[in-house]
Amino acid sequence: MKVRTRFAPSPTGFMHIGNLRTALYAYLYAKHYDGDFILRIEDTDTARFVEGAVELIYSTLQKSGIVHDEGPDKDGGYGPYVQSERKDIYRKYAELLVERGGAYYCFCTPERLETLKDENGVTRYDKHCLSLSKEEVARRIEAGESYVIRQNIPTEGVSEYEDMVFGKISVPNSDMEDGILLKSDGMPTYNFANVVDDHLMEISHVIRGTEYLSSTPKYNLMYDAFGWKRPEYIHLPPIMKDAHRKLSKRYGDANFEDFYEKGYLPEAIVNYIALLGWSPKDNEEKMTLARLIELFDVDNVSKSGSIFDETKMRWLNGLYLKEKTDEEFTALARPFYDKSAISGKYDYDKFSALLKTRVEILSEVIDAVAFIGEFGEYDLALYQHKKMKTDEKTGLIAVKAAIDALEKVDSFTSENIHEALIACGENCGLKKGQILFSVRLALTGKASTPGGATEMADILGKDESLRRLRFSESLLEKFLAE
RNA sequence: GGCCCCAUGGUCAAGCGGUCAAGACAUCGCCCUUUCACGGCGGUAACGGGAGUUCGAUUCUCCCUGGGGUCACCA
């Protein structure tokens, strides 16, 4: 049997990391077994529909490299792939289910339902309308009464199924309610649309979050009542924001788009979330999508939830960044460079070469490069470096020597700068590290910079370098005079 | 509250009766070094508790505790 999995999001907002992971696993599973991955839009809740949400689903999947074989935009013969366009289908099957005894019409008003509440405020339908005769049902529908179709669940016995990650799940039938399958507006609920669509679309493996773990027996009861074959189930543990809270839409940073805009590479995001709830046998960590497809299997999907750790995703992102060429890095970082202090003024590639190993997410280039723009008073204590054996005094010596040396450099290339600096250091009795460390500081006023003294001077150019050195010289002189 | 599920370091996680309980991130230290990084080496750090089963439990069973999910005309 061909493996067919689906990702069935509802367009109610952005795609958060948990949703994406579900899509990813469904995709990986299908592709691992050379099957098909289907995209289905579950928009039966007209009230919660959010404008633009469908587009976001497409763009996120596309950026992530998760491509569907069938979907609203790619007909595979099982369409339509948008639930709101399948209304007639659901009605037909709901009626069929009623005929087969798996469901029944219900005319109960919200007011009557209200009276069914127990002390916990939980309403539990009492099968009141199950006893209605066929004739009465027909008469009341004819009369225009509002109605829903409810699932008819046995009051006794236990329903069981085997989940591929959680194993055997069993739920007493008496704990399940006769849920609504077809709403009074004619739209199906998730519970029903899902079963009908998964069957009609020949989904072999249903992959979704654990929130459906205990309601799955209800769906199985429907498959049974229809006389359909039940699919295999793969329920996925939740991704948590912290020990207590699930990742939610309220946790703003948890959605793909935000990470993308912060300068995370889609391949790094995908790689990281693949590892949240699953791990390959040999513990590989940095994996391409192709590699993930090759290695993915249900055996190593974990049962317990995992906390989303942005720090580790940053590390992974840094790994991907490091292997980019300078040009590739520049292309990716351009939007951030354009917003930074070097915008339009400097050769981005030059910075990329230095920043590649110093930055974990692209947006960090803005801060890393800020010293170019802002230069003023800074903490002179920075000149004190224990290991280097430098302080404000040696700093001043170094700065003075550097000014003299650099003034004489006509062709301001990095080789010449370096040579001049080393030479002047020797002349005034400073070691290589001491002179370079001090000069770098005098040029930038920052504890850490994208490169050493030579690179900084080269990037700043002769005039600006000398201007900054003289400024630092005066700062140091003033300090030492006190 | 009922029902379902889960439980290894701070985090992600190997483990599937016998291990000095992997690895990664983070953290700390050292080395390298033209700062900061990168890289290399090393350290700290875990089986929630209690009963069983067994020659032997992190691993199997039960209870407790803790946590999550679910009880909508939402998905």
Side-chain angles (χ1 to χ4, degrees), chain A residues 8-10 12 42-45 47-48 83 106 110 113 118-124 146-150 163 166-167 169-172 174-177 179-191 193-194 208-217 235 237-238 240 242-246 272 275-286 299-300 302-316 318 322 354-360 368 382 385 388 418 421-422 431-441 444 446-456:
Chain A
S10 57
T12 55
E42 309 219 329
D43 59 349
T44 56
D45 186 0
R48 289 206 309 160
Q83 290 187 329
C106 170
L113 262 22
D118 66 10
E119 62 280 5
N120 283 319
V122 175
T123 314
R124 154 130 250 151
S146 172
Y147 67 91
V148 299
I149 291 180
R150 284 183 185 273
D163 181 86
F166 287 90
I169 305 293
S170 51
V171 178
S174 57
D175 280 315
M176 294 186 277
E177 197 195 17
I180 289 170
L181 268 23
L182 206 68
K183 306 184 231 180
S184 55
D185 66 358
M187 278 292 210
T189 56
Y190 167 86
N191 303 324
N194 221 260
R208 61 184 17 158
T210 46
E211 60 267 34
Y212 299 109
L213 200 61
S214 55
S215 54
T216 295
H235 285 101
M240 315 286 287
D242 57 38
H244 303 290
R245 283 167 296 181
K246 223 177 114 171
Y272 176 69
L275 258 16
L276 268 189
W278 171 79
S279 65
K281 297 224 160 35
D282 60 1
N283 273 302
E284 257 182 81
E285 292 216 287
K286 185 163 172 295
D299 289 354
N300 288 294
S302 62
K303 295 184 186 142
S304 48
S306 34
I307 298 171
F308 181 83
D309 179 17
E310 190 172 344
T311 307
K312 184 150 184 178
M313 185 166 79
R314 284 180 75 100
W315 164 77
L316 207 46
K322 276 181 201 71
L354 299 171
L355 257 21
K356 239 175 17 180
T357 60
R358 279 164 240 259
V359 141
E360 286 185 319
L382 288 171
H385 193 298
M388 211 74 82
H418 187 67
L421 253 21
I422 298 298
K431 285 189 188 143
K432 213 166 129 184
Q434 293 177 309
I435 177 94
L436 293 169
F437 171 79
S438 306
V439 170
R440 185 190 63 83
L441 237 176
T444 63
K446 299 271 190 219
S448 85
T449 52
T454 308
E455 287 94 346
M456 295 303 97

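Throughout, protein chains are lettered first and strands after them, A, B, ... in sequence-line order, and every chain is numbered starting at 1.
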Using the 3.5 Å cut-off, write out each protein N or O paired with an N or O of nucleotides 67-71 of chain B and the distance between them.
| residue | atom | partner | partner atom | Å |
| --- | --- | --- | --- | --- |
| G67(B) | O3' | His244(A) | ND1 | 3.4 |
| G68(B) | OP1 | His244(A) | O | 3.1 |

With sequence neighbours excluded, residues passing salt bridge (Lys or Arg N to Asp or Glu O under 4.0 Å) with Asp45(A): Arg48(A)
His418(A) over U34(B), stacked by centroid distance under 5.5 Å, angle under 30°: yes
Atom-to-atom span, OH of Tyr190(A) to P of A75(B) - whole angstrom: 10 Å
Set of ring-ring contact (aromatic ring centres under 6.0 Å, His included) partners for His385(A), sequence neighbours left out: Phe437(A)
Between P of A72(B) and CE of Met187(A), the distance in whole Å: 21 Å
Sugar-phosphate only, base, or nothing, as touched by Lys322(A) at under 4.0 Å among non-hydrogen atoms: sugar-phosphate
Sugar-phosphate, base or nothing in reach of Met388(A), heavy atoms under 4.0 Å: sugar-phosphate
Base-pairing mate for G1(B) - Watson-Crick or G-U, with both contacts under 3.5 Å: C71(B)
Partner set under salt bridge (Lys or Arg N to Asp or Glu O under 4.0 Å) for Arg314(A), not counting sequence neighbours: Glu360(A), Glu364(A)
Sugar-phosphate only, base, or nothing, as touched by Leu276(A) at under 4.0 Å among non-hydrogen atoms: sugar-phosphate
Contact pattern, 5' to 3', of nucleotides 57-64 of chain B - B, S or - by protein heavy atom under 4.0 Å: --------
Under the salt bridge (Lys or Arg N to Asp or Glu O under 4.0 Å) test, residues paired with Lys432(A) that sit two or more places apart: none
With sequence neighbours excluded, residues passing salt bridge (Lys or Arg N to Asp or Glu O under 4.0 Å) with Glu177(A): none
Touch class at under 4.0 angstrom, heavy-atom based, for Ser174(A) against every strand present: nothing
Partner residues of Phe166(A) under the ring-ring contact (aromatic ring centres under 6.0 Å, His included) criterion, sequence neighbours left out: none
Rounded distance (Å) that lies between atom P of A37(B) and atom CD of Glu455(A): 16 Å
Identify the pairs formed between an N or O of the protein and an N or O of nucleotides 19-22 of chain B at a distance under 3.5 Å, and give each distance.
| residue | atom | partner | partner atom | Å |
| --- | --- | --- | --- | --- |
| A22(B) | N1 | Asn283(A) | OD1 | 3.1 |
| A22(B) | N1 | Asn283(A) | ND2 | 2.9 |
| A22(B) | N3 | Asn283(A) | ND2 | 3.3 |

Opposite nucleotide pairing with U34(B), Watson-Crick or G-U, both atom distances under 3.5 Å: none
Any Thr454(A) side-chain N or O less than 4.0 Å from OP1/OP2 of U34(B): no
Please write out the pairs of protein N or O atoms and N or O atoms of nucleotides 43-46 of chain B separated by less than 3.5 Å, giving the distance to one decimal.
none

Between the protein and nucleotides 25-33 of chain B, list the N/O to N/O atom pairs that are separated by less than 3.5 angstrom.
| residue | atom | partner | partner atom | Å |
| --- | --- | --- | --- | --- |
| U33(B) | O4 | Lys387(A) | NZ | 2.8 |

U8(B) OP1/OP2 closer than 4.0 Å to side-chain N/O of Lys303(A): no
Distance-only donor-acceptor test, Ser448(A) side-chain atoms vs U35(B) base atoms, 3.5 Å: no
Arg150(A): side-chain hydrogen bond (donor to acceptor under 3.5 Å, both in side chains) partners, not counting sequence neighbours: none
Ser306(A) side chain near A13(B) phosphate (N/O to OP1/OP2, under 4.0 Å): yes
Thr189(A) side-chain proximity, nearest of A14(B), C74(B), U34(B): C74(B)
